[in-house]
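The structure displayed is predicted, hence computed values, not measured ones.
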Amino acid sequence: MTAQLPEPSPCPVPSGEIRASHDDREAVVEQLRDAAAEGRIDLAELDSRLEQALKSKTYAELAVVTADLPRLNSPESQPPLMLKGGIYGASRGPGRWEVPGHVIARGGVGGVKVDFTRVECRLTEVAVEAYGETSGVTIIIPDGWAADTSGMDPGVGGLTDMTTPDRLPGTPLIRLTGSGGMAGVVIRHPDRRERRKLHSNPTQG
């Protein structure tokens with residue numbers, strides 16, 4: 001009897017090759033119409049780009065249509081998310097939340113926790129400034145995400161990096177800077193308890 005070999009797990013699809021939905025195409029159509037109204041493109045260009053947008057099948061094809069236009073509502077253009085650990089601390093996550101291109105976390109006296117495990121993020125990089133201060137900062141990223149901590153000053157409290165370097169295609173890189181301060185900064189993947197909660201409630205948030 002021949003032993004059956006396990007089926008290979010499917011490779012993750014790069015974010016640019018993900019199929020675009022009707023809503024995705026409509027959003028680009030609206031962006032093109034706004035650009036024409038603002039005088040950024042003329043009517044001939046508008047017609048050409050609208051046709052291209054409506055025929056686009058993937059995110060990458062849609063991105064070409066608007067590559068030279070400003071994205072005013074994009075995560076990259078949003079103001080930084082500021083989290084300050086006051087007396088009672090502060091946290092963001094583990095529910096779903098919109099990730100901007102820049103996050104600033106100050107541990108203060110109550111500590112700060114930033115949990116990315118349930119977010120959907122199309123950014124290629126997220127800049128996170130973490131300052132441990134008195135009570136520390138903890139950052140949790142999903143398996144498959146990676147972190148660059150080379151720009152981090154460990155300070156007195158130190159930097160604890162328990163992430164793996166294996167980054168899946170289409171996932172953001174967390175570029176960590178700042179200082180460990182007195183209490184330190186920790187960046188890691190979910191622990192056992194958090195993994196059980198993720199698996200038992202995959203759509204929570």
Side-chain angles (χ1 to χ4, degrees), residues 12 14-16 18 59-60 63 67-195 197-198 205:
S15 59
I18 294 175
Y59 286 141
D68 59 348
L69 298 178
R71 299 172 59 199
L72 299 181
N73 296 320
S74 67
E76 297 96 325
S77 65
Q78 293 179 7
L81 168 64
M82 176 72 77
L83 296 170
K84 296 181 179 181
I87 296 175
Y88 302 105
S91 65
R92 182 57 58 96
R96 299 189 187 281
W97 52 282
E98 187 172 0
V99 180
H102 191 182
V103 177
I104 303 173
R106 294 187 173 276
V109 296
V112 168
K113 184 177 182 180
V114 187
D115 190 336
F116 291 94
T117 53
R118 291 186 184 273
V119 303
E120 295 179 3
C121 182
R122 295 180 183 175
L123 298 173
T124 56
E125 285 191 8
V126 178
V128 178
E129 289 183 54
Y131 302 92
E133 299 182 340
T134 305
S135 293
V137 173
T138 299
I139 302 160
I140 308 171
I141 63 175
D143 296 319
W145 289 27
D148 177 1
T149 61
S150 59
M152 186 75 185
D153 175 8
V156 176
L159 167 68
T160 302
D161 182 358
M162 295 185 287
T163 62
T164 60
D166 303 321
R167 180 183 175 192
L168 293 176
T171 61
L173 174 71
I174 301 296
R175 197 171 293 281
L176 185 63
T177 59
S179 171
M182 294 296 295
V185 171
V186 175
I187 184 165
R188 60 177 175 81
H189 298 297
D191 59 25
R192 289 184 180 179
R193 181 185 61 81
E194 291 160 342
R195 288 179 198 278
K197 193 170 183 180
L198 282 169

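- The NZ atom of K84 sits 9.5 Å away from the CD atom of E133 when rounded to the nearest 0.5 Å.
- T117 approaches P94 most closely through the heavy-atom pair OG1-CB, 4.1 Å.
- Minimum heavy-atom separation, P190 to I141: CD-O, 3.3 Å.
- Between R106 atom CZ and S179 atom OG the span is 10.0 Å, to the nearest 0.5 Å.
- Of all the heavy atoms in H189 and W145, the pair that sits closest is CE1-O, 3.4 Å.
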Apply side chain to side chain contact (heavy atoms under 4.5 Å, CB included) to L173 and R167, showing your working. CA-CA 8 Å; L173 174 71; R167 180 183 175 192; 3.6 Å; yes
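- Although no hydrogens or angles enter the test, the distance criterion places a donor-acceptor pair under 3.5 Å between the side chain of W97 and the main chain of D115.
- Looking at heavy atoms from C-beta onward, I139 lies in side-chain contact with V128 at the 4.5 angstrom threshold.
- Taking D161 as the reference, nothing meets the salt bridge (charged side-chain N to carboxylate O under 4.0 Å, His left out) condition, with sequence neighbours excluded.
- Looking at residues two or more places apart in sequence or on another chain, you find a salt bridge (charged side-chain N to carboxylate O under 4.0 Å, His left out) between D68 and R49.
- Remark: R175 engages E125, D148 in a side chain to side chain donor-acceptor pair (under 3.5 Å) (not counting sequence neighbours).
- Of all non-hydrogen atoms in S135 and G111, the two that sit nearest each other are CB-N, 3.3 Å.
- Atom CE of M182 has 12 or fewer heavy atoms from other residues, nucleotides or ligands within 6.0 Å.
- In terms of modelled atom types and a separation under 3.5 Å, the side chain of E129 and the main chain of I104 share no donor-acceptor contact.
- Once rounded to the nearest 0.5 Å, the distance linking CG of D143 with OG1 of T164 reads 6.5 Å.
- Looking at heavy atoms from C-beta onward, R92 lies out of side-chain contact with V112 at the 4.5 angstrom threshold.
- Here the shortest heavy-atom pairing between I140 and K113 reads CD1-CE, 3.3 Å.
- Nearest heavy-atom pair, L159 versus P154, reported as atom, atom and distance to 0.1 Å: N-CB, 3.9 Å.
- Atoms CZ and CD1, from F116 and I187 in turn, are 8.0 Å apart once rounded to the nearest 0.5 Å.
- Between atom CZ of residue R122 and atom OG1 of residue T171 there is a gap of 14.5 Å, rounded to the nearest 0.5 Å.
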